[in-house]
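For this chain, numbers begin at 1 and follow the sequence in order.
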Amino acid sequence: MNEISYEHLVEKALIHVVHDALLSAQKNGLKGNHFYITFQTARDDVILSDRLKTAYPDNMTIVLQHEYSDLNVSNDAFSVVLSFSNVPEKISVPFNAIMRFADPYAQFALSFNPEKPKEKPKEKPQQNQPASDDDTPKVVSLSAFRKKK
């Protein structure tokens, strides 16, 4: 019998609160509120410039208050244009990458435990090896690695 993961269900419901708050900001502006959003950056589905990914390799916090534009909220992500060192940059963040959401004006905050991003497999450098006509799999004996008694 499968157990119900209430923790997962509650987190999913609370991320919907973040979605709706951002959707309200998209439609009506913030009107005194401002949002702090911390999210994972080391993910393939987070869209940031290389400059920002280098500066924030694990996570970053953005503030939506006065100087933002083009806030666009979809079912699974939001995008916004923010200024970083006077350079406007569009970022896109999936909701499942959010670690923390806070609205200090409303004295409201949520924390999430997003899954860690899966690491990309590292490509092995190509080596110049002579071609082999033998396509049979190579077998490595594990006995050499076992402890001897």
Side-chain angles (χ1 to χ4, degrees), residues 1-132 135-140 142 145:
M1 183 170 145
N2 290 340
E3 291 185 32
I4 297 172
S5 173
Y6 287 102
E7 185 176 315
H8 176 74
L9 292 174
V10 168
E11 190 158 299
K12 187 176 174 184
L14 290 175
I15 210 72
H16 197 71
V17 170
V18 175
H19 171 273
D20 287 355
L22 286 168
L23 196 58
S24 176
Q26 174 186 313
K27 291 179 181 175
N28 307 312
L30 285 171
K31 298 182 179 147
N33 298 60
H34 56 283
F35 300 153
Y36 288 83
I37 304 169
T38 302
F39 59 93
Q40 297 171 323
T41 56
R43 298 171 57 114
D44 290 340
D45 53 356
V46 170
I47 300 172
L48 290 173
S49 67
D50 289 340
R51 173 177 80 107
L52 290 177
K53 281 200 177 197
T54 299
Y56 303 95
D58 299 315
N59 62 70
M60 76 181 295
T61 300
I62 58 171
V63 180
L64 298 185
Q65 190 170 9
H66 301 297
E67 297 183 22
Y68 71 91
S69 63
D70 297 329
L71 177 60
N72 186 8
V73 181
S74 70
N75 287 337
D76 56 357
F78 73 94
S79 63
V80 66
V81 175
L82 294 168
S83 181
F84 298 91
S85 301
N86 294 320
V87 177
E89 296 201 29
K90 183 176 183 174
I91 64 170
S92 180
V93 179
F95 288 109
N96 62 3
I98 294 175
M99 301 167 68
R100 185 164 166 75
F101 173 87
D103 181 346
Y105 180 80
Q107 297 181 354
F108 181 80
L110 295 169
S111 292
F112 301 98
N113 294 311
E115 290 184 21
K116 296 207 188 291
K118 294 180 177 131
E119 289 191 29
K120 298 178 200 174
K122 294 183 180 171
E123 294 182 20
K124 294 180 181 176
Q126 294 289 334
Q127 297 178 355
N128 293 334
Q129 297 179 349
S132 168
D135 286 336
T136 58
K138 305 293 185 245
V139 178
V140 176
L142 296 178
F145 301 99

Close side-chain approach of Leu22 to Leu64, heavy-atom, < 4.5 Å: yes
For Thr61, side chain to side chain donor-acceptor pair (under 3.5 Å) partners two or more places apart: Thr38
Distance (rounded to the nearest 0.5 Å) between Phe35 CZ and Phe78 CZ: 10.0 Å
Check: Val46 and Gln40 side chains under 4.5 Å, non-hydrogen atoms: no
Report all side-chain donor-acceptor pairs from residues 24-31 shorter than 3.5 Å, counting only partners two or more places apart or in another chain.
from, atom 1, to, atom 2, distance (Å)
Gln26, OE1, Val73, N, 2.6
Asn28, ND2, Ser24, O, 3.4
Lys31, NZ, Asn28, O, 3.3

Heavy-atom neighbours of Tyr68 OH exceed 12 at 6.0 Å: yes
Nearest heavy-atom neighbours spanning Ile37 and Phe39: O-CD2, 3.9 Å
Counterpart residues, side-chain contact (heavy atoms from CB on, under 4.5 Å), relative to Val87 (two or more places apart): Arg51, Glu89
Closest heavy-atom pair and its distance - Leu82, Val63: CD2-O, 3.9 Å
Using distance only, find each side-chain donor-acceptor pair of residues 90-103 under 3.5 Å and give its atom names and separation, not counting sequence neighbours.
from, atom 1, to, atom 2, distance (Å)
Asn96, OD1, Arg43, NH2, 3.0
Arg100, NH1, Ser111, OG, 3.3
Asp103, OD1, Tyr105, N, 3.2
Asp103, OD1, Ala106, N, 3.4
Asp103, OD2, Asn33, ND2, 2.5

With Pro104 via side-chain contact (heavy atoms from CB on, under 4.5 Å) - residues at least two apart: His34, Tyr36
Note, Val17 side chain near Phe108 side chain (heavy atom, < 4.5 Å): yes
Residue pair Thr41 / Leu52, side-chain heavy-atom distance below 4.5 Å: no
From CA spacing to verdict: side chain to side chain donor-acceptor pair (under 3.5 Å), Asn72, Ser74: CA-CA 7 Å; Asn72 186 8; Ser74 70; over 6 Å; no
Pairwise salt bridge (charged side-chain N to carboxylate O under 4.0 Å, His left out) hits with a residue in residues 58-75, at least two apart: none
